[in-house]
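Counting starts at 1 for both ligands and their atoms, following the listed order. Just so it is clear, the values below take in all heavy atoms, side chains as well, and ignore hydrogens, waters and symmetry mates.
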Amino acid sequence: MYENLEIVRWPDPRLKRPSTEVEKFDSRLRLLATRMLELMREAKGVGLAAPQVGINIRMFVMNPTGQEQDDRVYVNPVLTEGDGEEEADEGCLSLPGIYIPVPRFRTLRMQAKDLDGNPIDQVESGYLARIWQHETDHLNGVLLTDRMGALAKLANRKKLKELEEEYARAHPELAAAASKKKSSPRLLRK
Ligand SMILES: [Zn+2]
(Lines give C-alpha, C1' and ligand atoms only; values in the text may rest on other atoms or scores of the structure.)
Protein backbone atom coordinates (compact mmCIF):
# COMPACT_ATOMS: atom_id res chain seq x y z
CA MET A 1 0.00 0.00 0.00
CA TYR A 2 2.88 2.38 0.68
CA GLU A 3 5.37 0.77 -1.75
CA ASN A 4 5.50 3.87 -3.93
CA LEU A 5 6.15 6.33 -1.13
CA GLU A 6 9.27 8.40 -1.50
CA ILE A 7 10.99 11.15 0.39
CA VAL A 8 9.83 14.54 -0.83
CA ARG A 9 12.26 17.41 -1.12
CA TRP A 10 12.07 21.12 -0.52
CA PRO A 11 10.27 23.18 -1.85
CA ASP A 12 7.42 20.64 -1.98
CA PRO A 13 4.48 22.52 -0.36
CA ARG A 14 3.55 19.50 1.76
CA LEU A 15 6.68 20.13 3.84
CA LYS A 16 5.30 23.54 4.84
CA ARG A 17 1.86 22.30 5.87
CA PRO A 18 1.16 21.76 9.59
CA SER A 19 0.21 18.11 10.15
CA THR A 20 -2.88 16.82 11.90
CA GLU A 21 -3.18 14.54 14.95
CA VAL A 22 -3.42 10.80 14.41
CA GLU A 23 -6.74 9.40 15.64
CA LYS A 24 -6.73 5.84 14.32
CA PHE A 25 -4.05 3.49 15.56
CA ASP A 26 -4.63 0.80 12.96
CA SER A 27 -2.65 -1.49 10.65
CA ARG A 28 -2.37 1.28 8.05
CA LEU A 29 -0.50 3.46 10.51
CA ARG A 30 1.84 0.57 11.34
CA LEU A 31 2.47 -0.08 7.63
CA LEU A 32 3.27 3.58 7.07
CA ALA A 33 5.73 3.62 9.99
CA THR A 34 7.42 0.45 8.70
CA ARG A 35 7.79 1.96 5.22
CA MET A 36 9.12 5.23 6.67
CA LEU A 37 11.75 3.33 8.65
CA GLU A 38 12.80 1.57 5.42
CA LEU A 39 13.05 4.84 3.50
CA MET A 40 14.98 6.46 6.34
CA ARG A 41 17.44 3.56 6.41
CA GLU A 42 17.90 3.58 2.62
CA ALA A 43 18.63 7.30 2.74
CA LYS A 44 21.02 6.82 5.70
CA GLY A 45 19.01 9.26 7.81
CA VAL A 46 18.47 9.25 11.57
CA GLY A 47 14.91 10.57 11.47
CA LEU A 48 11.97 10.93 9.09
CA ALA A 49 8.65 12.69 9.65
CA ALA A 50 5.41 11.76 7.84
CA PRO A 51 5.18 15.07 5.90
CA GLN A 52 8.56 14.13 4.41
CA VAL A 53 6.81 11.30 2.57
CA GLY A 54 3.97 13.67 1.63
CA ILE A 55 1.56 12.56 4.38
CA ASN A 56 0.56 15.35 6.74
CA ILE A 57 -0.03 13.44 9.97
CA ARG A 58 1.76 13.83 13.29
CA MET A 59 4.12 10.87 13.29
CA PHE A 60 7.85 10.47 12.93
CA VAL A 61 10.35 7.64 13.02
CA MET A 62 13.96 7.76 14.11
CA ASN A 63 16.99 5.65 14.71
CA PRO A 64 20.08 7.29 16.18
CA THR A 65 22.44 4.29 15.73
CA GLY A 66 21.33 2.41 12.60
CA GLN A 67 20.81 -0.77 14.68
CA GLU A 68 17.37 -2.24 14.09
CA GLN A 69 16.59 -2.54 17.81
CA ASP A 70 16.94 1.24 18.08
CA ASP A 71 14.04 2.01 15.73
CA ARG A 72 11.62 4.40 17.42
CA VAL A 73 8.19 5.63 16.33
CA TYR A 74 6.42 8.62 17.92
CA VAL A 75 2.80 9.50 17.22
CA ASN A 76 1.28 12.87 18.23
CA PRO A 77 4.50 13.97 19.97
CA VAL A 78 4.48 16.88 22.42
CA LEU A 79 7.78 18.33 23.63
CA THR A 80 7.93 20.21 26.93
CA GLU A 81 10.33 21.15 29.70
CA GLY A 82 13.06 22.26 27.30
CA ASP A 83 16.24 22.99 29.20
CA GLY A 84 19.70 24.28 28.28
CA GLU A 85 20.90 25.17 24.79
CA GLU A 86 23.32 23.60 22.35
CA GLU A 87 24.26 24.43 18.79
CA ALA A 88 25.19 21.73 16.26
CA ASP A 89 25.06 21.14 12.50
CA GLU A 90 21.90 19.56 11.12
CA GLY A 91 21.02 18.13 7.76
CA CYS A 92 17.65 17.04 6.41
CA LEU A 93 16.65 14.29 3.98
CA SER A 94 14.32 16.82 2.32
CA LEU A 95 17.19 19.29 1.86
CA PRO A 96 20.03 17.08 0.60
CA GLY A 97 23.47 18.64 0.68
CA ILE A 98 22.57 21.36 3.17
CA TYR A 99 24.02 21.47 6.67
CA ILE A 100 23.47 24.39 8.99
CA PRO A 101 24.17 25.07 12.66
CA VAL A 102 20.92 25.10 14.67
CA PRO A 103 20.58 25.97 18.35
CA ARG A 104 18.29 23.53 20.17
CA PHE A 105 17.28 22.71 23.72
CA ARG A 106 19.77 20.31 25.27
CA THR A 107 17.20 18.34 27.26
CA LEU A 108 13.48 17.81 26.73
CA ARG A 109 10.55 15.74 27.83
CA MET A 110 8.59 13.87 25.14
CA GLN A 111 5.00 12.75 25.58
CA ALA A 112 3.57 10.83 22.65
CA LYS A 113 1.79 7.63 21.66
CA ASP A 114 3.24 4.44 20.25
CA LEU A 115 1.72 2.60 17.28
CA ASP A 116 -0.81 0.88 19.55
CA GLY A 117 -1.90 4.18 21.06
CA ASN A 118 -0.10 3.53 24.35
CA PRO A 119 1.45 6.55 26.05
CA ILE A 120 5.17 7.28 25.80
CA ASP A 121 6.81 9.58 28.33
CA GLN A 122 10.58 10.04 28.02
CA VAL A 123 13.34 12.52 28.78
CA GLU A 124 16.40 12.74 26.51
CA SER A 125 19.40 15.02 26.03
CA GLY A 126 21.86 15.92 23.31
CA TYR A 127 21.66 14.11 19.98
CA LEU A 128 18.36 12.31 20.68
CA ALA A 129 16.70 15.49 21.92
CA ARG A 130 17.99 17.24 18.79
CA ILE A 131 16.37 14.65 16.50
CA TRP A 132 13.10 15.02 18.44
CA GLN A 133 13.14 18.76 17.87
CA HIS A 134 14.06 18.53 14.18
CA GLU A 135 11.31 15.98 13.48
CA THR A 136 8.68 17.81 15.56
CA ASP A 137 9.52 20.93 13.55
CA HIS A 138 8.55 18.97 10.40
CA LEU A 139 5.12 18.22 11.89
CA ASN A 140 4.61 21.97 12.31
CA GLY A 141 5.76 22.76 8.77
CA VAL A 142 9.07 24.18 9.97
CA LEU A 143 12.22 23.34 7.99
CA LEU A 144 15.92 24.05 8.25
CA THR A 145 15.32 26.80 5.68
CA ASP A 146 13.26 28.56 8.39
CA ARG A 147 16.10 28.17 10.89
CA MET A 148 18.74 29.65 8.58
CA GLY A 149 20.32 32.94 9.39
CA ALA A 150 21.36 35.34 6.62
CA LEU A 151 24.84 33.82 6.52
CA ALA A 152 23.59 30.24 6.15
CA LYS A 153 21.16 31.34 3.42
CA LEU A 154 23.98 32.93 1.53
CA ALA A 155 26.28 29.93 1.98
CA ASN A 156 23.58 27.53 0.72
CA ARG A 157 22.19 29.72 -2.04
CA LYS A 158 23.43 27.58 -4.88
CA LYS A 159 22.22 24.33 -3.36
CA LEU A 160 18.74 25.80 -2.67
CA LYS A 161 18.51 27.05 -6.23
CA GLU A 162 19.40 23.59 -7.54
CA LEU A 163 16.66 22.03 -5.39
CA GLU A 164 14.14 24.58 -6.66
CA GLU A 165 15.04 23.86 -10.25
CA GLU A 166 14.91 20.11 -9.69
CA TYR A 167 11.49 20.46 -8.08
CA ALA A 168 10.11 22.72 -10.80
CA ARG A 169 11.23 20.23 -13.44
CA ALA A 170 9.55 17.32 -11.68
CA HIS A 171 6.33 19.12 -10.63
CA PRO A 172 5.58 22.09 -12.87
CA GLU A 173 1.98 22.35 -11.58
CA LEU A 174 2.88 22.17 -7.87
CA ALA A 175 5.72 24.64 -8.26
CA ALA A 176 3.26 27.15 -9.69
CA ALA A 177 0.91 26.62 -6.73
CA ALA A 178 3.78 27.04 -4.25
CA SER A 179 4.84 30.32 -5.78
CA LYS A 180 1.27 31.62 -5.64
CA LYS A 181 1.07 30.86 -1.93
CA LYS A 182 4.34 32.71 -1.40
CA SER A 183 5.66 29.79 0.61
CA SER A 184 8.87 30.19 -1.33
CA PRO A 185 9.77 33.77 -2.17
CA ARG A 186 12.73 32.57 -4.23
CA LEU A 187 10.38 30.95 -6.71
CA LEU A 188 8.62 34.27 -7.24
CA ARG A 189 11.74 35.75 -8.72
CA LYS A 190 11.65 33.37 -11.67
ZN1 LIG B 1 14.36 17.03 8.21
Side-chain angles (χ1 to χ4, degrees), residues 2 5-22 32-66 70-79 82 85-106 108 110 112 122 124-149 151-153 155-164 166-167 170-171 174 178 183-184 186-187:
Y2 291 119
L5 273 195
E6 51 185 23
I7 296 175
V8 303
R9 293 176 169 190
W10 184 89
D12 190 303
R14 290 171 290 185
L15 292 168
K16 297 294 296 170
R17 211 173 281 161
S19 291
T20 55
E21 295 259 311
V22 172
L32 175 59
T34 305
R35 182 69 184 126
M36 283 169 58
L37 282 162
E38 267 172 30
L39 287 168
M40 178 186 75
R41 195 160 281 128
E42 279 167 26
K44 301 193 182 348
V46 293
L48 188 68
Q52 290 184 279
V53 294
I55 298 179
N56 285 103
I57 62 167
R58 301 188 79 80
M59 174 165 79
F60 71 82
V61 301
M62 64 182 267
N63 187 317
T65 65
D70 292 326
D71 282 348
R72 297 188 188 194
V73 179
Y74 295 98
V75 183
N76 300 340
V78 177
L79 294 175
E85 196 188 290
E86 235 170 35
E87 191 172 274
D89 280 355
E90 287 183 24
C92 178
L93 295 177
S94 296
L95 284 157
I98 288 175
Y99 298 91
I100 60 155
V102 184
R104 300 282 190 187
F105 286 117
R106 206 191 114 61
L108 287 146
M110 159 77 82
Q122 298 171 346
E124 294 283 7
S125 294
Y127 190 48
L128 291 175
R130 176 169 294 274
I131 299 172
W132 281 356
Q133 291 168 89
H134 180 108
E135 301 309 328
T136 304
D137 267 1
H138 274 301
L139 305 184
N140 296 324
V142 175
L143 297 170
L144 286 185
T145 46
D146 302 303
R147 303 260 179 219
M148 281 181 179
L151 212 62
K153 274 209 180 102
N156 289 289
R157 224 168 104 187
K158 202 168 151 231
K159 202 77 223 176
L160 289 169
K161 191 149 197 324
E162 281 169 18
L163 284 169
E164 269 176 4
E166 186 186 303
Y167 182 79
H171 311 269
L174 287 175
S183 65
S184 172
R186 297 175 60 85
L187 276 168

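Using a 4.5 Å heavy-atom cutoff, the side chains of Leu128 and Met62 are in contact. In this structure, Leu160 and Leu95 have side chains that are in contact, with non-hydrogen atoms separated by less than 4.5 Å. The side-chain heavy atoms of Leu139 and Glu21, taken from C-beta on, include no pair separated by under 4.5 Å.
For the side chain to side chain donor-acceptor pair (under 3.5 Å) with Glu90, the lone residue among Arg147, Gln133, Arg104 that qualifies is Arg104.
Within a radius of less than 2.8 Å around the Zn ion (ligand 1), the protein N, O or S atoms are Cys92 SG, His134 NE2, His138 NE2.
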Kindly determine whether Arg41 and Glu38 satisfy salt bridge (Lys or Arg N to Asp or Glu O under 4.0 Å), including the steps that lead there.
CA-CA 5 Å; Arg41 195 160 281 128; Glu38 267 172 30; over 6 Å; no
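Residues Glu124 and Ala129 come closest through the heavy atom pair O-CB, 3.5 Å.
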